[in-house]
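Structure first, commentary second.
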Amino acid sequence: MTAPSFRDLPPVHRIVDHPLLGDCRATLGRQAALRGVREALAEARGRLAAGIEAAIDPASLAGRAAAILRAERPALRPVLNATGILLHTGLGRAPLAAEAVAAVARVASGYCNLEFDLHGGERGRRAEGVADLLRRLTGAEAATVVNNNAGATVLALRALAAGREVVVSRGQLVEIGGSFRLPEVFEVSGARLREVGTTNKTRLSDYADAIGPETAALLRVHASNYQIVGFTEAVPLAEMAALARARGLWAIDDIGSGALAAGMPPGVAGEPTVAEGLAAGADLVLFSGDKLLGGPQCGVLLGSRVAIARVEADPLMRALRVDKMTLAALEATLHLALDADRAGGHIPLWRFLTTPTAMLQARAEVLATTFRDELGLNATAVEDRAFLGGGSLPVEPIPTFVVRVEPPFPAPHASEAAWAGALRRGDPPVVPRVQRGAVLFDLRALTESDDLLLLDAVRRMTHADV
Ligand SMILES: *Cc1c(COP(=O)(O)O)cnc(C)c1O
C-alpha cells in the first residue's frame, strides 16, 4: 500500500456533511463548519507534503474540524443582550467605552507605572490617577478603588468599625444579586450590625436612641433593587450625617449604583448621587463602577481624607485591590464622564439610555420586516419596557421597542423556550426575553451593528441548510 496523497483527500462536502460536524452546523452554521473543514484539510495537506502520517478519512477530518472550531470558542464569549436589562449582572453588567478598552490594551500588553512615581523614581500610589479624577468629578477630598462595591462595603465597615456597632435602618437591610446580603457582609467585616426602626418606618430618634459607647458609625444603604411604598418614613441622609457628626461617629453612605452627580448619566432621575451624599455630610460614599457610571467592575470609595486614609491603611485593602486593567478602564471612563457632551455618545450605557425610542422603533421595524419577508417568521415591532437592572431603579421602566416573534418558531423548535435555547447556544449567543408564547428581542441594549449580528444569528437558526 502506498502512502496517501493529496488526490486521496475526500471532497469537502463529504466532510462538512459528516455527523461529527452536526452540532457545529446547527450552532455555528454551515459557513463556519466549512471554514473548519478547510483548515483541517490544509493541516492534512501540510502533513502529507512533509511526509508525515495523516488520517484523511472523512470522519477523522470532520473530528479535527470540530476540534478546531471548538478551540475558537472560549468559555467566556461576547453575547448579544436582547433582554432589555441594560446592566444584566449575568451578562457582565456595563459594556466598556472604546476609549476604556483601548486604555486597557495599552497598559495590559506591557509594563506601566502602576505603583511607580515617574517623577521621583520611587514607589507610588496605585489609584492616584483615578483618585484625582474622582476628586474633580465629585468634589470629594479623597478617593480610592477596590475590586467591587461588596468589597468596598466590607472594607469600609472593617476599617471604620471593626469590633464595634454600626446602626442601620431595618428598611435598608438589602440583598443584592443573591450573594450580597447586608447582615452577612457585616459578619465578614467584623463590625456589629445594630438594626433600628421597622421595615417601613425609621425615625431620627431611632438612630439617636441606638447610639451608645459601642457605636462607631451610622450607615445608609440605598435600597437599590426594591422600594418600600405606602405608609413609610426614612431619615434624610443629611439628618443622619448631622447626628453622626454631633456624636463623633462616622456617616457611611452606600449608594450602590453610583450616579456621580445629577445628569450622569443623562435621563436617570431618582437615584442617589455621589455629589449629594458628600454634600449631605457623609464621611464615606461607596458605589459600583460597573453600574450607572458604565465603567469596569470595581468599588469606589470617596470621602474625607481621614476616612480614606483609614480605609487604605487596612490590611484588607491589599486583598481587594484592583489591577492595572481595571484602573486603566476606570480612568478612561472617568475622563469621558468629565466631558458630559462626549460621555453621552461614548459610554455605551449612557448611549443606550439616551437612544430616542423612535430610533429603536425604526430599527425594530426594519428587523421585523426582514424576519417576516425573508425568514417567514411571525414577527412584529412592538413598544415595550426595558429596565436598568444591576440593582438600580427597579420600578422605573425605560420605554423601548422589541421585535416580537410568535409561533410558529423555526423548525425543529416547537416552543419559545426551545427556540430561545437554540439562540443562546448559537454564535454569537443571543439572549432574548422569553414570554408565554413569544420570543422578544429588545433593542435598548444593542447597537446598530448588533442589529446585523442579531439578524445573522436568527438567519442561521432559521434556514434549513443545517
Ligand atoms: C450593587 C450594590 C452593591 C454590590 O456592588 P457590587 O459592585 O456588585 O459588589 C452593594 N450595595 C448596593 C446598595 C448596591 O446597589
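The structure displayed is predicted, hence computed values, not measured ones. The first residue in the sequence is number 1, and the count goes up from there. As the structure lists them, so they are numbered: ligands from 1, and atoms in each ligand from 1.
- For the side chain to side chain donor-acceptor pair (under 3.5 Å) test with Ser169, the passing option among Thr199, Thr202, Asp206, Thr198 is Thr202; the others fail.
- Which parts of ligand 1 touch Lys291 is read off a 4.0 Å heavy-atom cut-off, strictly below it: atoms 1 (C), 2 (C), 3 (C), 14 (C), 15 (O).
- Taking a cut-off of under 4.0 Å to the non-hydrogen atoms of Gly256, the atoms of ligand 1 that pass are 12 (C), 13 (C), 14 (C), 15 (O).
- Atom CE of Met264 is separated from atom CG of Leu293 by 7.5 Å, given to the nearest 0.5 angstrom.
- Between Arg77 and Asp427 there is a salt bridge, since at least one side-chain N of the basic residue sits less than 4.0 Å from a carboxylate O of the acidic one.
- Note on Arg444 versus Glu383: no salt bridge recorded, every NZ/NE/NH1/NH2 to OD/OE distance being 4.0 Å or above.
- Residue Arg93 touches ligand 1 through its side chain alone, judged by heavy-atom distances below 4.0 Å.
- Salt-bridge annotation for Glu271 and Lys291: absent, with no side-chain N of the basic residue lying under 4.0 Å from a carboxylate O of the acidic one.
- Within the structure, ligand 1 has Asp254 among the residues with a heavy atom less than 4.0 angstrom away.
- The pair Asp384-Arg433 meets the salt-bridge criterion, since a charged nitrogen lies less than 4.0 angstrom from a carboxylate oxygen.
- When Gly151, Ala150, Ser288 are ranked by how near their heavy atoms come to atom 7 (O) of ligand 1, first place goes to Ser288.
- Those atoms of ligand 1 that come under 4.0 Å of a heavy atom in His222, given as number and element, are 13 (C).
- Residue Thr153 places no N or O, backbone or side chain, under 3.5 Å from any N or O of ligand 1.
- At a heavy-atom distance under 4.0 Å, no atom of Gln297 approaches ligand 1.
- Look at Arg194 and Glu214 and you find no salt bridge, because none of the NZ, NE, NH1 or NH2 atoms lies under 4.0 Å from a carboxylate O.
- The atoms of ligand 1 that sit less than 4.0 Å from any heavy atom of Phe180 are 10 (C), 11 (N).
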